[in-house]
Student: 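Below you will find the structure I want to go over with you.
Just so it is clear: chains get the letters A, B, ... in the order the sequence lines come, proteins before strands, and each one is counted from 1.
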Amino acid sequence: MSELNQPARVRFAPSPTGHMHLGSARTALYDYLIARQTGGQFILRIEDTDRKRFVEGAEEELMKGLRWLGLEWEEGTDVGGPYGPYRQSERKALYAKYARQLVENGHAYYCFCTPERLRKVREEQQSRKEDAHYDGTCRDISLAEADRRIEAGEKHVVRFKTPREGTTTVHDMRRGDITVENRKIDDYILVKSDGLALYHLAVIVDDHLMKVTHVVRGAEWLPTFPLHGMIYRAFGWQEPEFVHLSVFLKPSGKGKMSKREAGQLMKDGRSIFVKDFEDMGYLPEALVNWIALMGWSYDDHTEFFSMQDLIEKFSFEKVNPSPAAINFTKLDHFNGLHIRNLSVSDLAKRIKPFFVKAGYDPDDELLLNITPLLQERMRTLDEAVEKAAFFFREDVVPLPEDLVGKKLTANESADVLEEALKTIAGLTVFDVEALEQPLRNLVEELGLKAGQVFGILRVAVTGQKVSPPLFESMEIIGKEKSIERIMQGIALLREIDG
RNA sequence: GCCUCCAUCGUCUAGGGGACUAGGACGCAGCCCUUUCAAGGCUAAAACGGGAGUUCGAAUCUCCCUGGAGGCACCA
């Protein structure tokens, strides 16, 4: 967009009503990217005007999630900024002032209808198959009379006075002009009877006062987008640029992600909540890469992006307005890619908590040694434990039947181990180089396949049928322990055949 | 029901009138490499929802249909 030559002020404005999900994370990411790219500001604003839906701790979780993803903001509830407060519940007076301005300008009016009456009207309209809009009872009450009634303590709300005729056109960066007939737009409530603004007023007042230049938000705002345009014009304010992001669909592609679906996904070991991904062994780099590409693309072949790449390459022109189904297997793929992109020491640091959580006390140097063996074969960090926990265990006892080599009996397998033992017992240096040739020669001498011999050895030494490469593993485990375990294997095998 | 948005392989997407026998990626299948598992390499199968129009020419532009999604609260 050509208008992005100027530093962009963008805001991520979640409501603290639950866990942050992938859709919000993507919105925040795009906000962040465009702010960084243009040298602008990324603002975190908390939209908590609905006290009933407020969830304790949600704001903290939100901030934690954003920081985990690497999306640091320069203005917000915790860091402050020149346009605060950044929590809408603390901006009540502001909304009241601007609502009054709208009323005095004739663009809004006080409404004294009770919720009960409104419900009844709505039901009647629905039974007559009419649009369920406010019937306009209070629309033409004079301001003087309204003020008298308010003075008298009557409960009231402020409604926007939507023009009954004509059309309104608003502009979305990706979808172009959107035009609706004004009569299809309701006289929305701007200020509730508790005096707090509703989203439609608060968002516009705040975006204007906070000098927001670009609004990135979900497609669920499209239907009320024209209303927002009308409110901007009623104030006589300049409108920011808007982009509406498509919704995320279920992995099946059929229907939007729902709470119920989220529960089912958890049973499948997947989640749409940002807070869960770290524990599941995903890298924030991979999550960022993945969600960036759900609804945006750079060209016809580039898929691996670091945050820095994204900052440089992101653009609203390439945002795709059509809905996208969540594809978790692709996240796994990206996670593997980013794991392989890490330095060994970085990866070691990230794997460590998973061993700790599994009850191990991993020695840092040992961890650093085994990390290279893991790096090529992991998709998620938690896999490290199942693949390599044996390095940290004193006692490794394989299942006897696993020790039996392919097409061999237990005694034959034990013979193989005894030969191997002889081969390596005399080695003074115990590393990959020293181990490989003698053991390959042994395979030759025994007239067996490499897979047979190394398979038996692998199970004896690691206790697992699937493990990191054998010679590397033996080098790390060391001569003494390797020999111990081979001897243990021999004993176990001899027991099978008695 | 009404309003709005969207529409290319199973999925994420490239494509903005001729460069398209429609490209990439995930997944899937096969092969290669190989001490297991991976990783890596190669190959294959797999899509322009339908119909009118505009044009010398349409995946690309217009309209209709169909399908999908979102919204219709003193929620955001």
Student: Going by the angle between their ring planes, with limits at 30° and 60°, are A:F355 and A:F392 parallel, tilted or perpendicular?
Tutor: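 Rings of A:F355 and A:F392: perpendicular, as their planes differ by over 60°.
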Student: May I ask you to say whether A:D402 pairs ionically with A:K465, meaning some side-chain N is under 4.0 Å from a carboxylate O?
Tutor: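 The answer is yes: the pair qualifies as a salt bridge.
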Student: Just the endpoints, please: which first and last nucleotides of RNA chain B, 5' to 3', lie under 4.0 Å from a heavy atom of chain A?
Tutor: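 Result: B:rC2 to B:rA76.
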Student: Under 6.0 Å between the ring centres of A:F160 and A:H200?
Tutor: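 That pair fails the under 6.0 Å test.
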Student: Using the P atoms only, state how far B:rC64 lies from B:rA7, rounded to an integer number of Å.
Tutor: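 My reading of the P atoms in B:rA7 and B:rC64 gives 16 Å.
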Student: Say you pick atom P in B:rU54 and the same atom in B:rC48; how far apart are they, in whole Å?
Tutor: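 It comes out at 24 Å once rounded to the nearest Å.
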Student: Under 4.0 Å, counting only non-hydrogen atoms across every strand here, what does A:S322 touch: a base, just sugar-phosphate, or nothing?
Tutor: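 Result for A:S322 = sugar-phosphate.
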Student: Mind checking A:V157 for me? I need base, sugar-phosphate or nothing, with any heavy atom below 4.0 Å counting as a touch.
Tutor: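 The residue A:V157 makes base contact.
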Student: How is A:W290 classified with respect to the nucleic acid when contacts are heavy atoms under 4.0 Å: base, sugar-phosphate, or nothing?
Tutor: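 Nothing, no heavy atom under 4.0 Å.
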Student: Looking at every strand, decide which applies to A:D332 at a 4.0 Å heavy-atom threshold: base, sugar-phosphate, or nothing.
Tutor: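 Counting heavy atoms under 4.0 Å across all strands, no contact is made by A:D332.
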Student: List in chain and number order the residues that pass side chain to side chain donor-acceptor pair (under 3.5 Å) with A:E412, two or more places apart in sequence or in another chain; answer none if no residue qualifies.
Tutor: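 Partners of A:E412 by the side chain to side chain donor-acceptor pair (under 3.5 Å) criterion, ordered by chain and then number, come out as A:T409.
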Student: Under 4.0 angstrom, heavy atoms only, what part of the nucleic acid is A:D131 near: base, sugar-phosphate, or nothing?
Tutor: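 Sugar-phosphate: the residue A:D131, judged by heavy atoms under 4.0 Å, touches backbone atoms but no base.
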Student: Considering every strand and a 4.0 Å limit on heavy-atom distances, what is the contact class for A:G336: base, sugar-phosphate, or nothing?
Tutor: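 The answer is nothing, as A:G336 stays clear of every strand by at least 4.0 Å.
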Student: Would you indicate what A:P468 reaches in the nucleic acid, counting non-hydrogen atoms under 4.0 angstrom: base, sugar-phosphate, or nothing?
Tutor: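 Base: the residue A:P468, judged by heavy atoms under 4.0 Å, touches a nucleobase.
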Student: Under a 3.5 Å cut-off for both contacts, is B:rG70 paired Watson-Crick or G-U wobble with anything, and if yes, with which nucleotide?
Tutor: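 Here B:rG70 is engaged in a pair, and the nucleotide opposite it is B:rC3.
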Student: Give A:I326 one of three labels, base, sugar-phosphate or nothing, depending on what nucleic acid heavy atoms sit under 4.0 Å from its own.
Tutor: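 A:I326: no heavy atom of the nucleic acid under 4.0 Å.
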Student: At 4.0 Å (heavy atoms only), tell me whether A:R440 reaches a base, stays on the sugar-phosphate, or touches nothing.
Tutor: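 It contacts base atoms.
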Student: Under 4.0 Å, counting only non-hydrogen atoms across every strand here, what does A:T49 touch: a base, just sugar-phosphate, or nothing?
Tutor: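 Sugar-phosphate contact only - A:T49 comes under 4.0 Å of backbone atoms but never of a base.
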Student: Base, sugar-phosphate, or nothing for A:L470, non-hydrogen atoms under 4.0 angstrom?
Tutor: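 Since a base atom lies under 4.0 Å of A:L470, the category is base.
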Student: Ion pair present between A:R45 and A:D207, side-chain N to carboxylate O less than 4.0 angstrom?
Tutor: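 Yes.
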Student: Tell me the partner of B:rG16, counting only Watson-Crick (N1-N3 plus N6-O4 or O6-N4) or G-U wobble (N1-O2 and O6-N3) with both under 3.5 Å; none if nothing fits.
Tutor: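 With both distances under 3.5 Å required, B:rG16 matches none.
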Student: Would you confirm whether the ring centroid of A:F471 sits within less than 6.0 angstrom of the ring centroid of A:F454?
Tutor: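 Yes, close enough.
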Student: In the structure shown, which nucleotide is the Watson-Crick or G-U wobble counterpart of B:rC61, with both distances under 3.5 Å?
Tutor: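 The base-pairing partner of B:rC61, which may sit in any strand shown, is B:rG53.
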Student: Does the structure show a Watson-Crick or G-U wobble partner for B:rA25, both distances under 3.5 Å? Name it, or say none.
Tutor: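 Checking every strand shown, B:rA25 finds its partner in B:rU11, with both distances under 3.5 Å.
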Student: Scan A:S297 against the nucleic acid and name what it touches under 4.0 Å (heavy atoms): base, sugar-phosphate only, or nothing.
Tutor: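 The residue A:S297 makes sugar-phosphate contact but no base contact.
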